[in-house]
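Because the structure is a prediction, the values reported are computed rather than measured.
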Amino acid sequence: MREHDARGLTRRRVLGIGGALGVMAATGLSASAALARRPSITGAELRSAVPLPPPFQVPLPVPAVLKPVSASGGVDRYEITQREANAEILPGVTTPLWTYGGTFPGPTIESRRGRPVTVTHRNELPVPTVVHLHGGRTPAASDGYPTDLVLPAGWQEHSMHMGHGSEHAMHDPRAAVSELTRDYTFPLDQRPTLLWYHDHRMDFTAPAIWRGLAGLHIIRDDAEDALGLPAGPRELPLMIADRAFAADGSFAYPALDPTLRVRPGVREPYLAGVLGDVILVNGAPWPVHEVDAARYRLRILNASNARHYELEAVTDDGRRLDLVQIGADQGLLAAPVTHRLLPIAPAERYDVVVDFSGVPIGSLVRVVNRLGSGRTGDVMAFRVARGAADDSRIPRRLSTDLPDWRRSDAVRVRDFSFRAGQMHAGHGWLIGGLPFDPARADVTTRLGDVEVWRLVADVHHPVHLHLVGFRVLSRSGRAPVAHDAGLKDTVSLRPGEAVEIITRFDGYRGRYLFHCHNAEHEDMGMMANLEII
């Protein structure tokens, strides 16, 4: 990790960042070979050991919206119990899950901009947990730092047998550990958007999310409500996640320690990331949803551990429908951007409108994944069931409050390499050549500072910053691509790619993180501390 005065930025320096790539321990490929091949996936796929259903048979579930237990004093208060549950995900097959509130995905929380929310989480799972509201402008105490554990009842009796990840927690003097419950407070003084909450426990994030610990949180405001976008039943959240199933119906996952108590990590073939052979949307395999011949707002989240998608909407006669992007990770764009193909990396969100009015009644619109093969080439489908009136619209101007940071505003420039390396005498994923250490200050910046960060990757790395949104300035010295529009909190780095982002570190002081959101990479060291003073 290198820091520069912002005035030292030159085009030669920008184009030279690619030299930071070295040999990739995960695959044995040299940087030049990786660049030549530019693989479409990073990771290895598990194969399910149970029969899989045909696509487009299971109805699309829509996660229930959670009701607050109280709304007094200008604060909405919610309660969620993290517990084990069983669900029928594949028809006729029972799958044990770790859940928020007994469902997968967990219940959706809907909030109003600027109205605070407190969520009391109760941990009835057999392991510690941590909750992170991904994309939230959240005080550090409620951001879900990986060592701020919520312990299950009686966990102390196991504490002397914990693995190296838990030793990190014990060696972190700033860790805020509680037993059984914790209140997370979210001011939500931010742009309306789709956020998501998920487990963020040190060294065990990937298997915890895989087992079901993920849910949605939507922020709304009056200005967005007044735009006339598709709403009500014509606004659909779509959480896309891949999984594989073991012979007993459980989610297969190649954990070194299936109890997730002691030893973190995955078996060697899956060090680059775990991919499943079943595509779930809102927890259902390759679902189908009946729609009117009208516009629909699709709020898409890639909640997969490591799988990337390139989404297309294709009609029965082979036509590709426009995917009109109206929002990114951190809310509405300034103006709509039309795509036919939409790449989406783990943890990215895209807010798109699809118009089914020109599709014949009774026909199917398939959402396909151009990066998939076999069954993973399909995602879900929409069946156009009926004609209907539609008074929705897509305004030419969506928002006027996007930040206008310029390079000249930046007080410093930092370089970060995201690449494979050695950690604890084994394979790891490193930022700036270092594995994560809670006790080390990697980046310290002042509240209100604007910075330019230059990120370079060996393989696919979706890089996420906590607390702040950012704008993409360039990709490998060229202009950003169309899907980089708007304010983001996660950016997809492709193999060998260098990306520049700009942000202002505002909101709150305290200790935050930035990391790769390939969850296996994250668990194997690819996180760093961000201290805002």
Side-chain angles (χ1 to χ4, degrees), residues 46 48-50 61 63-64 66 78-109 119-132 144 146 148-159 161-163 165-166 177-182 184 196-216 239 241-264 266 274 276 278 280 282-285 303-305 519 523:
L46 288 164
S48 293
V50 295
L66 190 63
Y78 295 87
E79 295 178 352
I80 294 177
T81 298
Q82 304 169 10
R83 61 182 178 86
E84 295 176 288
N86 292 319
E88 186 178 300
I89 293 175
L90 301 179
V93 176
T94 299
T95 299
L97 300 166
W98 288 1
T99 72
Y100 294 119
T103 64
F104 171 64
T108 297
I109 295 177
V119 185
T120 300
H121 277 269
R122 179 181 177 89
N123 181 12
E124 295 184 358
L125 293 168
V127 299
T129 61
V130 178
V131 179
H132 171 55
D148 289 349
L149 303 175
V150 181
L151 305 178
W155 178 259
Q156 290 89 337
E157 65 190 67
H158 304 288
S159 61
H161 306 285
M162 295 155 79
S166 298
V177 178
S178 60
E179 185 171 358
L180 202 57
T181 66
R182 185 182 180 102
Y184 293 87
W196 64 302
Y197 61 98
H198 60 77
D199 194 70
H200 213 285
R201 175 188 167 204
M202 181 83 181
D203 293 343
F204 292 94
T205 292
I209 294 176
W210 189 271
R211 290 192 184 189
L213 291 179
L216 302 174
M239 179 190 284
D242 58 335
R243 296 290 187 271
F245 291 81
D248 63 359
S250 65
F251 284 149
Y253 188 82
L256 295 176
D257 172 13
T259 70
L260 308 188
R261 286 177 173 268
V262 179
R263 186 181 179 191
V266 292
V274 179
V278 178
L280 306 177
N282 295 347
S304 302
N305 280 28
D523 281 350

In sequence, state the C-alpha distance, the side-chain angles, and the governing distance for Trp98 and Thr129, and then conclude on side-chain contact (heavy atoms from CB on, under 4.5 Å).
-> CA-CA 11 Å; Trp98 288 1; Thr129 61; over 6 Å; no

Do the side chains of Asp248 and Pro96 get nearer than 4.5 Å, heavy atoms only?
-> no

Test item: side-chain donor near acceptor, Thr94 and Asn86, under 3.5 Å | no

Would you check if Leu90 and Pro285 make a side-chain contact, meaning some heavy-atom pair closer than 4.5 Å?
-> yes

Checking Asp203 side chain against Pro264 main chain: does a donor-acceptor pair fall under 3.5 Å?
-> no

Do any N or O atoms from the side chain of Asp242 and from the backbone of Ser304 form a donor-acceptor pair under 3.5 angstrom?
-> no

Distance-only, no hydrogens or angles: does the Asp257 side chain make a donor-acceptor pair with backbone N or O of Val262 under 3.5 Å?
-> yes

For Trp210 against Ala252, the heavy-atom pair lying closest together | NE1-O, 2.8 Å

So do the side chains of Asp199 and Tyr100 get within less than 4.5 Å of each other, counting heavy atoms only?
-> yes

Where does the angle between the aromatic ring planes of His198 and His200 fall among parallel (under 30°), tilted (30 to 60°) and perpendicular (over 60°)?
-> parallel

Are Arg182 and Asp148 close enough that some pair of their side-chain heavy atoms sits under 4.5 Å apart?
-> yes

Measure across Pro258 and Leu256 and return the closest heavy-atom pair with its distance rounded to 0.1 Å.
-> CD-O, 3.7 Å

Side-chain heavy atoms of Ile89 within contact of Val278, under 4.5 Å = no

CG/Leu180 to OG1/Thr81 distance, rounded to the nearest 0.5 angstrom?
-> 9.0 Å

Indicate the atoms forming the closest heavy-atom contact of Ala49 with Ala247, along with that distance.
-> CB-N, 3.6 Å

Between the side chain of Thr95 and the main-chain N/O of Gly249, is any donor-acceptor distance below 3.5 Å?
-> yes

For the student: nearest non-hydrogen atoms of Asn282 and Pro63, plus distance = ND2-CD, 3.8 Å

Measure the CG-CG distance between Leu125 and Leu213 for me, rounded to the nearest 0.5 Å.
-> 6.0 Å

Asn123 side chain reached by Trp155 side chain, heavy atoms, under 4.5 Å | no

Please confirm whether the backbone N or O of Val131 pairs with a side-chain atom of Tyr184, one donor and one acceptor, at under 3.5 Å?
-> yes

So, Thr99 side chain and Arg83 main chain: donor-acceptor pair closer than 3.5 Å or not?
-> yes

Nearest heavy atoms of Ala153 and Glu179, plus distance in Å | CA-OE2, 3.7 Å

Does the side chain of Arg211 reach to within under 4.5 Å of the side chain of Phe104, using non-hydrogen atoms?
-> no

For the residue pair Leu46 and Pro254, what are the closest heavy atoms and their distance?
-> CD1-CD, 3.7 Å

Spacing of CD1 belonging to Ile209 relative to CZ belonging to Arg201, to within rounding of 0.5 Å = 12.5 Å

pair Arg261-Pro126: side-chain heavy atoms closer than 4.5 Å = yes

